[in-house]
Amino acid sequence: MQKSNQKVVFYFTLLMLGLVGSIKDLYAQKKYPQFGIDPLNEVIAAMTIEEKALMVTGAKRREVYPIALPGKKQKNIVAVGGYTYPFLHLGIPPIYLSDGPAGVRIAPKRMGEKQTYYATAFPVATLVASGWDTSLSKEIGEAMGHEAREYGVDILLAPAMNIHRDPLGGRSFEYYSEDPLLTGKMASAFVQGIQSQGVGASIKHFAANNQETSRRYINTILSERALREIYLEGYRIAVQEAKPWTVMSSYNKINGVYTPQSKELLVDILRKEWGFDGFVLTDWYGGDDPVEQMKAHNDLLMPGLQVWTDTIAHALRYGDLSMDVVDQNIANILNVALKTGTWKNYHYTDKPDFEKSKEIARRVARESMVLLKNEHNVLPLNKGSKSIALFGNYSYKNLPGGTGSGAVNYAHAVSVAEGLNHAGFKIDPTLAEKYMTYLEKGKLIVEKADSLITAMPQRDSILGELQFSNLDIETSAKESDVAFISIMRIFGEGGDRKIDHFNLTNEEYTLIDRVSNAYHAEHKKVVVLLNVGGVVETASWKDKVDGILLTWQSGQEGGHAVADLVSGRFTPAGKLPTTFPVRYTDVPSAKNFPGTPARNPTEVVYEEDIYVGYRYYETFDVKTSFPFGFGLSYTAFDYTDFKVKKASEGRAHIEITVKNVGQFAGKEIIQVYAKAPIGKLDHPEKELKAFGKTRLLQPGESQTLRFEITPRMLSSFDTDASAWVAEKGSYDLMVGTSAASVVENGKFRLKKRIVTEKVSKSLAPQVEIKALQPAKRKR
Ligand code: BGC
């Protein structure tokens, strides 16, 4: 036979074999009910015990990439997160999960490809919350949802929404605020944004996961009231308003029970009370008993260990675990699978619209950065400013976010120096040259986020060497018009910070001191930029400088956002979502963080109870460095026509008109606080009940903001009654520009006590908690 004929016969045979194979596959599949076509219960009933146990334990361990279903796109992915186990004969697809919350955490490299894949590093959650603008949070969610979708990701493991209980919490950059309402509203908008793109969200880490020390086993002991009012409330808002597809349980225990093993948390509260109808997954390797997790309807155990699968299969086989329970868990997972891009065979491009993301990242960053100090209007810079001297390593590189699962593999992060340059400012070249050489030499220019964990110093103390040996601050003060000093703090998963990481280092204090003295001697000004993942000490040095701009960790466009504000093209419009205390020992959780025993804590008691953040500082009259809700603007506002109108029993309508009476166009954030009458329960001096932000107001323009207050919003959690109750009596309804500055105060009376919601008795502490007492409270 001729060579070409042989080839034809060979390929013909292959084709025939292939056809026979596919027909056989099709035939085999026909014997099984098919997912998405046949009723779900029939599909689940057709699974063997092993298959069921595989379905509820993630698939990470088996192959690197799951096999595509017939007719669906093979994914050479992508998602640093994991996926669920697919079953070809039943037509069940994998679900692909990927981390957030500051960007899609895709793997930079893929098998067999040379290309590097990037995602946009957006501003961290704390910065987003500083914007107090739910529409911006939604836009960030949309952009991240879009990037996730275009990378073939089904569920983004975000937003993270635990409360800033203590400034030393290692993951606070991933979380929004010390306040549950602000947290809940930001998260809810973000979830709506993600899910509008056909990608699911996973609100995490549910719940009371407020520290990283001993994170896999710490027993969080707290009152039912603190749990309900402070640590669960944000989650409730997000679940009820935004309907996230999934919830990720946390690592810690609450009052003795691991959250993924708590039926009271995951069934009674999450599903029955709040109506959650998606699936719950564990945090990675969370909990210690797979059977208990199944029973608590923690539907999916991630990332999946063979021993978990075996344990569940064994328990099913020998009756220690009911088939109905696991069938329900599988149904919860599969109902979500029906919504995914993978199931719908969405043809993702691997080419997200990065230009659009960049614009959003920059806009959100500049709309949310907080101007903490602006003496003699040092900012915006004079149009005539000749040159800016930039001190601090992090003026020349940008730390866009934190480390761990919240890190993003971005392509480039714009530094302050780049941003200012780009905006036409002149940077002191001698200083820039010295810093850049130093950074290059110390190999501190890092472009890859994951390597941040090892390559980044926790703080900028190594810069001491450079600064004090050859910075020549005095000459710079003569030659430049203004000095900026960048202070950086990196935050990350897996560890909390120490007090000396909250305080500035000696080198940093000295730098601030020397630069301020030198510049002030020349009648020139100094501005500090805080590129930090969480709260730092400011009280001891803030008087030395003229301006402070809190940029937090502002994502990859941070440098441009700083320039947008410094130049006066835009007016700062952010306010603090978390208090800056005078000193760490003032923090109400300080003596109970990170728990006991001091070496390897196993339990932490929340003795401060509901008095977290400003609830404590305002009630116990403790001075702060910068209060919750505080932030300056280049312009000024007037507040008039304040009204509190009773709508119906328990409902109030509040109105206030905000007028821009300054020289710049700007936006103002209005906060509504309530003080409940002291009845059976003690109450904080102020609790945030609503907030709003004006549109951009030109000088002379005004806008009326309206808020509705409902009985549920006025309620506190009455533990004895297991109910949310609005007490009878007179309420103060205050309009504030921060927690510490009330501009208007109105009275509102409830004629009778209203039980707004009766709930199940859940998660009660097994020990007595020495909670902060009203008697000790100054009034
Ligand atoms: C983190 C989660 C993350 C998961 C997957 C865990 O260590 O706590 O936030 O989603 O890893 O990367």
Side-chain angles (χ1 to χ4, degrees), residues 57-61 77-84 94-108 119 122 124-126 144-145 148 151 153-163 169-176 183 187 190-191 194 199-218 220 234-235 238 244-253 258-260 278-288 293 298-305 308 401-409 449-450 452-453 491-496 533 594:
T57 50
K60 192 169 179 207
R61 65 211 176 278
I77 239 183
V78 197
V80 183
Y83 46 86
T84 59
I95 304 173
Y96 291 85
L97 313 167
S98 182
D99 269 312
V104 187
R105 190 169 172 236
I106 56 149
F122 290 94
V124 299
T126 315
M144 245 184 260
Y151 274 136
V153 170
D154 296 316
I155 291 174
L156 195 69
L157 303 173
M161 48 181 305
N162 293 310
I163 292 293
R171 285 183 94 166
S172 29
F173 68 102
E174 291 189 62
Y175 303 140
Y176 293 104
T183 298
F190 185 81
V191 170
I194 297 174
V199 170
S202 190
I203 56 174
K204 70 185 186 182
H205 313 84
F206 188 56
N209 176 189
N210 309 100
Q211 66 185 61
E212 291 299 283
T213 307
S214 314
R215 68 169 177 160
R216 284 181 196 261
Y217 50 84
I218 193 83
T220 302
Y235 284 100
W245 294 7
T246 73
V247 169
M248 186 191 292
S249 54
S250 55
Y251 284 132
N252 54 292
K253 298 173 189 164
Y258 275 113
T259 63
F279 73 80
V280 177
L281 63 154
T282 56
D283 197 348
W284 269 228
Y285 308 99
D288 69 348
Q293 287 170 324
N298 190 118
D299 310 291
L300 175 66
L301 314 189
M302 288 304 286
L305 286 180
W308 302 341
T403 65
S405 60
V408 183
N409 188 51
D450 276 340
L452 285 177
I453 297 171
F491 279 58
E493 180 181 338
D496 290 315

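Whatever order the structure lists ligands and atoms in, that order sets their numbers, starting from 1. On a predicted model such as this, the values are computed, not experimentally measured, just so you know.
Listed for the Thr126 side chain is a donor-acceptor partner under 3.5 Å among the backbone atoms of Ser172.
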Decide yes or no on salt bridge (charged side-chain N to carboxylate O under 4.0 Å, His left out) for Asp99 and Lys204, but give the supporting numbers first. CA-CA 11 Å; Asp99 269 312; Lys204 70 185 186 182; 3.2 Å; yes

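Counting atoms of ligand 1 from 1 in the listed order, those under 4.0 Å from a heavy atom of Lys204 are 2 (C), 3 (C), 9 (O), 10 (O). Interface atoms of ligand 1 facing Ser405, defined by a heavy-atom separation under 4.0 Å, are 1 (C), 2 (C), 3 (C), 9 (O), 12 (O).
Going from atom CG of Leu305 over to atom OH of Tyr285 covers 5.5 Å, rounded to the nearest 0.5 Å.
Residues satisfying the side-chain contact (heavy atoms from CB on, under 4.5 Å) criterion with Pro260, sequence neighbours excluded, are Ser249, Tyr258, Thr282, Gln293, Asn298. Listed by chain and number, the residues in a side-chain contact (heavy atoms from CB on, under 4.5 Å) with Phe206 are Leu232, Tyr235, Val247, Leu265, Leu266, Leu270, Trp274 (sequence neighbours excluded).
Here the shortest heavy-atom distance to atom 9 (O) of ligand 1, taken over Glu174, Arg105, His205, Arg215, belongs to His205. Nearest to atom 11 (O) of ligand 1 by heavy-atom distance, out of Leu157, Asn209, Asp283, is Asp283.
By the 30° and 60° cut-offs, the orientation of the rings of Tyr175 relative to His205 is perpendicular.
For Met248, every heavy-atom contact with ligand 1 shorter than 4.0 Å involves the side chain, none the backbone. Proximity of Arg171 to ligand 1, defined as any heavy-atom pair under 4.0 Å, is confined to the side chain (atoms from C-beta onward).
The closest approach between any non-hydrogen atom of Tyr251 and ligand 1 is below 4.0 Å.
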